[in-house]
Amino acid sequence: MAFLMKSMLSNQVKNLGLGGGGEEKKEENAPSDPAAAAGMTREEYEEYQKQMVEEKMERDAAFVQKKAERACLRVHLREKYRLPKSELDENQIQMAGDDVDLPEDLQKMVAEDQVEEEDKDSILAQLQNIQNMDMDTIKEKAQATFTEIKQAAEQKCSVM
């Protein structure tokens with residue numbers, strides 16, 4: 001209750017101009033020069049501003065480079081899994097100047113994946129997979145493939 005009375009009375013007193021004008025005086029005394037407000041000379045302030053701009057440009061360049069590296073990784077994965085291309089990724093790579101490579105740790109991971117896929121694609125790996133399958137599954141796959149080929153041939157050939 002006391003807080004409510006105090007805030008109501010102080011607002012009324014401010015409106016009358018009898019008190020509370022300290023805020024207005026502070027605004028009037030503020031220096032218009034940003035260098036003086038920062039406590040520096042004009043030359044120091046200009047140098048400081050130049051450094052800030054240079055640092056911002058470096059951060060922006062590093063950010064664009066990282067975005068391009070990520071886009072490069074996404075492009076690689078899209079190619080690997082035969083997914084549709086993204087124009088956004090291609091634009092990000094072009095903005096970075098087309099000199100974007102995958103980071104070393106990602107290159108190692110990609111190389112390991114390629115070695116694993118090559119092992120899976122070898123004849124020995126396929127033979128091992130056949131040994132693990134049962135004959136019913138193989139027959140079903142063969143029949144499904146034969147049916148698909150037959151349907152495709154019927155659609156393309158008018159004699160059949």
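- Applying the side chain to side chain donor-acceptor pair (under 3.5 Å) test between Gln92 and each of Arg70, Glu69, Arg74 identifies Arg74 as the sole match.
- Counting heavy atoms from C-beta outward, Val75 and Ile93 have side chains that approach closer than 4.5 Å.
- Rounding to the nearest 0.5 Å places NZ of Lys67 at 15.0 Å from SG of Cys72.
- For the atom pair CZ (Phe146) and NZ (Lys139), the distance works out to 16.0 Å, reported to the nearest 0.5 Å.
- Once rounded to the nearest 0.5 Å, the distance linking CD of Glu112 with NZ of Lys108 reads 9.0 Å.
- Judged purely by atom type and a 3.5 angstrom limit, Glu44 uses its side chain to pair as donor or acceptor with the backbone of Thr41.
- Taking CZ of Arg42 as the reference point, atom CD of Glu47 lies at 13.5 Å (rounded to 0.5 Å).
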Original post:
What do the steps show when you test Met52 against Tyr48 for side chain to side chain contact (heavy atoms under 4.5 Å, CB included), and what is the final call?
Top reply: CA-CA 6 Å; Met52 295 299 290; Tyr48 173 74; 3.8 Å; yes
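- For the residue pair Gln49/Tyr45, the side-chain donor-acceptor check at 3.5 Å is satisfied.
- Atom CD of Glu87 has 12 or fewer heavy atoms from other residues, nucleotides or ligands within 6.0 Å.
- Going from atom CG of Leu73 over to atom CZ of Arg78 covers 10.5 Å, rounded to the nearest 0.5 Å.
- Shown here for Asp89 and Ala71, the closest heavy-atom pair between the two residues is O-CB, 3.6 Å.
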